[in-house]
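The structure appears right after this line, and notes come after that.
These numbers come from the heavy atoms of this one structure, side chains and all, not from hydrogens, waters or symmetry mates. It should be emphasised that the depicted structure is a prediction, and the values quoted were computed from it without experimental measurement.
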Amino acid sequence: MNKIKNLFNTKVIHAGHKEDKETGSVMPPIHLSSTFKQKSPGNFRYEYARTNNPTREILEKLLKELEEGEFAYAFSSGMAAINTLTDALDKNFHIICSDDVYGGTRRIFDKVKNVNQNIEITYTDFSKEDNWPGLIKENTRMIWLETPSNPLLKLVDINKVKKEIPNDDIKIVCDNTFASPYNQQPLNLGADVVLHSSTKYLGGHSDIIGGAIIIKNDNQLAEKIKYLQNAIGAVPSPFDCYMLIRSIKTLAVRMEKHNSNAMIISEYLNNHPKINKVRYPGLKNDPNHDIAKSQMRGFGGIISVDLKTDLKGTLNFLENIEIFTLAESLGGVESLIEHPAIMTHASIDKNIREELGISDSLIRLSVGIEDSEDLIFALNNALKLI
């Protein structure tokens, strides 16, 4: 008998668990116990729920298979995952980081890790510069890639970066939150570590906070992450783990709709007279389009747009748009819209925002899975107000 291929849509449904052995339940039970009986002192499978939990174990197996890694660890938030990963590399080292990243990433790097662990961060535009290897120092331990980036949707050729790394001591870390494992699998493109805010597309319903680290094949790093996961204790609750398992089962079908809706809306906005610029890697005129085609299955559900107006006009647009909810975060089934300079990236110094291109007229859309015709109608009505 031929072996089942176990492709992505099958994995999201079946990876991580089978029917419950005790009851036959199709969905895994939620194990809420904080402690577990030991057969004799030190003889146990589960000891204490911070250390390990059966429900979290299923989630981590599922995440490992989706990203095709060897190790996976779940956390209480994406920031907890970032904190644990940098802690695992100790202190007094250097990171080369994508210049356009989530504001919280810059905040923890610049205002926490730099201060508390003497971690130096150099920001560079990986989407443009071929000379970034010249930034490598003797103590460079990590290349931090966010692709697509937040909020300007820059893409990085992960395989090209891998080829230019001088040694295996420098870890390529890819924040894969915007793409999701459905659209992009960085470990197969050369990355050593994948990180997620599982709050976003993995959760998909705006009702969970979570994070994840998936490691390709580094046993030593995996042991450190596992140790710190237990020692620091920033772990998700069993209920949140269960909710993520449930949500991931619809990841493929959700992403297909996110992708198709965003493509339709980006093409509509790209031809609108009140739009200065549309950033979406699915557009043929987008500077990142070729990279997106080569390393992504789909182009994602995030669009960034420069409106042809000032701050007052932008706020008027955001305050009056229908269907799109004015809120931070992204990746839910509902469409969200936000103002990066005031909301998600407010923690970044104004001069840095302006240098990057995060202007007062920039908005970011997280396109949901509603009917695209209704979304376009809502956008068109709001654009009439600027």
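A donor-acceptor distance shorter than 3.5 angstrom exists from the side chain of Ser335 to the backbone of Gly368, with no hydrogens or angles considered. Looking only at distances, a side-chain donor or acceptor of Ser198 sits under 3.5 Å from a matching main-chain atom of Gly210. Judged by distance alone, the side chain of Asp371 and the main-chain N or O of Glu373 form no donor-acceptor pair under 3.5 Å. In this structure, Asn259 contributes its side chain and Gly300 its backbone to a donor-acceptor pair below 3.5 Å. Checked by atom type and distance alone, the side chain of Lys274 pairs as donor or acceptor with a backbone atom of Leu383 at under 3.5 Å. Listed for the Asn261 side chain is no donor-acceptor partner under 3.5 Å among the backbone atoms of Val367. The backbone N or O of Gly78 sits nowhere less than 3.5 Å from a side-chain atom of Ser197 that would complete a donor-acceptor pair. The closest donor-acceptor contact from the side chain of Asn167 to the backbone of Asp169 lies under 3.5 Å.
Listed by chain and number, the residues in a ring pair (Phe, Tyr, Trp, His ring centres under 6.0 Å) with Phe8 are Tyr182 (sequence neighbours excluded). In this structure Asp125 satisfies the salt bridge (charged side-chain N to carboxylate O under 4.0 Å, His left out) test together with Lys154, sequence neighbours excluded. For Leu189, the side chain to side chain contact (heavy atoms under 4.5 Å, CB included) partners are Ile158, Gln184, Gln295, not counting sequence neighbours. The side chain to side chain donor-acceptor pair (under 3.5 Å) search around His31 returns none, not counting sequence neighbours.
What you find for Pro281 and Ala292 is that their closest heavy atoms are CB-CB, 3.8 Å. Across Ile214 and Leu63, no two heavy atoms sit closer than the pair CG1-O, 4.1 Å. Closest non-hydrogen pair, Cys97 versus Ile121, comes out as CB-CG2, 3.9 Å. Between Leu202 and Pro181, the shortest heavy-atom distance links the atoms CD2-CD, 3.8 Å. Of all heavy-atom pairs between Thr147 and Cys174, the closest is CG2-SG, 3.7 Å. Across Ser33 and Ala49, no two heavy atoms sit closer than the pair O-CB, 3.5 Å.
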The test is side-chain hydrogen bond (donor to acceptor under 3.5 Å, both in side chains); show your working for Asp100 and Ser98 and say whether it passes.
CA-CA 6 Å; Asp100 180 43; Ser98 299; over 6 Å; no
Decide yes or no on side-chain hydrogen bond (donor to acceptor under 3.5 Å, both in side chains) for Gln229 and Thr84, but give the supporting numbers first.
CA-CA 7 Å; Gln229 184 193 44; Thr84 304; over 6 Å; no
Test side chain to side chain contact (heavy atoms under 4.5 Å, CB included) on Val235 and Asn230; report intermediate values, then the result.
CA-CA 8 Å; Val235 294; Asn230 176 52; over 6 Å; no
Glu334/Thr325 under side-chain hydrogen bond (donor to acceptor under 3.5 Å, both in side chains): CA gap, chis, key distance, verdict
CA-CA 8 Å; Glu334 70 290 324; Thr325 300; over 6 Å; no
Show your working on side-chain hydrogen bond (donor to acceptor under 3.5 Å, both in side chains) between Asn118 and Asn114 and close with a plain yes or no.
CA-CA 5 Å; Asn118 193 33; Asn114 177 257; 5.3 Å; no
Take Ile119 and Phe109 through the side chain to side chain contact (heavy atoms under 4.5 Å, CB included) test and state the conclusion after the steps.
CA-CA 8 Å; Ile119 296 174; Phe109 281 175; over 6 Å; no
I'd like to know whether Asp87 forms a salt bridge (charged side-chain N to carboxylate O under 4.0 Å, His left out) with Lys224, so could you lay out the CA-CA distance, the side-chain angles of the two residues, the decisive distance to 0.1 Å, and finally the verdict.
CA-CA 9 Å; Asp87 280 356; Lys224 288 182 179 179; over 6 Å; no
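Using a 4.5 Å heavy-atom threshold, the side chains of Tyr280 and Leu269 count as separate. For the pair Phe126 and Ile143, the minimum side-chain heavy-atom distance is below 4.5 Å. Contact annotation: the side chain of Thr140 approaches that of Ile96 to within less than 4.5 Å [non-hydrogen atoms, C-beta and beyond]. No side-chain heavy atom of Asp99 sits less than 4.5 Å from a side-chain heavy atom of Glu355. Using a 4.5 Å heavy-atom threshold, the side chains of Leu379 and Phe317 count as touching. Contact annotation: the side chain of Leu307 approaches that of Ile275 to within less than 4.5 Å [non-hydrogen atoms, C-beta and beyond]. Considering only heavy atoms from C-beta on, Tyr201 stays 4.5 Å or farther from Ile248 through its side chain. Side-chain atoms of Phe71 and Asn219, non-hydrogen and from C-beta on, do get closer than 4.5 Å to each other.
Taking the centre of each ring, Phe299 and His289 come in below the 6.0 Å mark.
A salt bridge links Lys162 to Asp192: one of the charged nitrogens lies within less than 4.0 Å of a carboxylate oxygen. Here Glu120 pairs with Lys137 in a salt bridge; the nearest charged N to carboxylate O distance falls below 4.0 Å. Under the 4.0 Å criterion applied to side-chain N and carboxylate O atoms, Arg141 and Asp90 are not assigned as salt-bridge partners. A salt bridge links Arg45 with Glu57: the distance from a Lys NZ or Arg NE/NH1/NH2 to an Asp or Glu carboxylate oxygen falls below 4.0 Å. Ionic pairing of Lys61 and Glu65 is not present here: no N-O contact between side-chain nitrogen and carboxylate oxygen is shorter than 4.0 angstrom. Ion pairing between a basic and an acidic side chain is recognised when a charged N comes within 4.0 Å of a carboxylate O; Lys11 and Glu68 show such pairing.
Linking ILVMFWY side-chain heavy atoms closer than 4.5 Å, directly or via other members, places Ile225 and Val193 in a single hydrophobic cluster. One hydrophobic cluster holds both Val156 and Ile165 under the rule that ILVMFWY side chains link at heavy-atom gaps under 4.5 Å. Connection of Ile108 to Leu145 is not established within any shared hydrophobic cluster, with ILVMFWY side chains joined at heavy-atom distances below 4.5 Å, either directly or through further cluster members. Following chains of ILVMFWY side-chain contacts shorter than 4.5 Å, one can reach Ile172 starting from Leu135, so the two form part of one hydrophobic cluster.
The cationic group of Arg56 does not satisfy the cation-pi geometry with Phe75, failing either the under 6.0 Å distance to the six-membered ring centre or the 45° limit from the ring axis.
Side-chain contacts under 4.5 Å among hydrophobic residues (ILVMFWY), followed directly or transitively, place Leu155 together with Ile291, Met296.
Considering Arg364, Lys277, Arg279 as possible partners of Asp306, the one that fulfils the salt bridge (charged side-chain N to carboxylate O under 4.0 Å, His left out) test is Arg279. Tested against Ile342 for a side chain to side chain contact (heavy atoms under 4.5 Å, CB included), the candidates Thr314, Leu318, Leu315, Asp360 yield a single pass: Leu315.
Other residues, nucleotides and ligands place more than 12 heavy atoms under 6.0 Å from the CD atom of Gln38. Asn116 CG: more than 12 foreign heavy atoms inside a 6.0 Å radius. Around CZ of Phe44, the count of heavy atoms belonging to other residues, nucleotides or ligands within 6.0 Å exceeds 12.
Atom-to-atom distance recorded for Ser180:OG and Asn183:CG is 4.5 Å, nearest 0.5 angstrom.
Within the structure, salt bridge (charged side-chain N to carboxylate O under 4.0 Å, His left out) pairs that include any residue of residues 310-333 do not occur (at least two apart or interchain).
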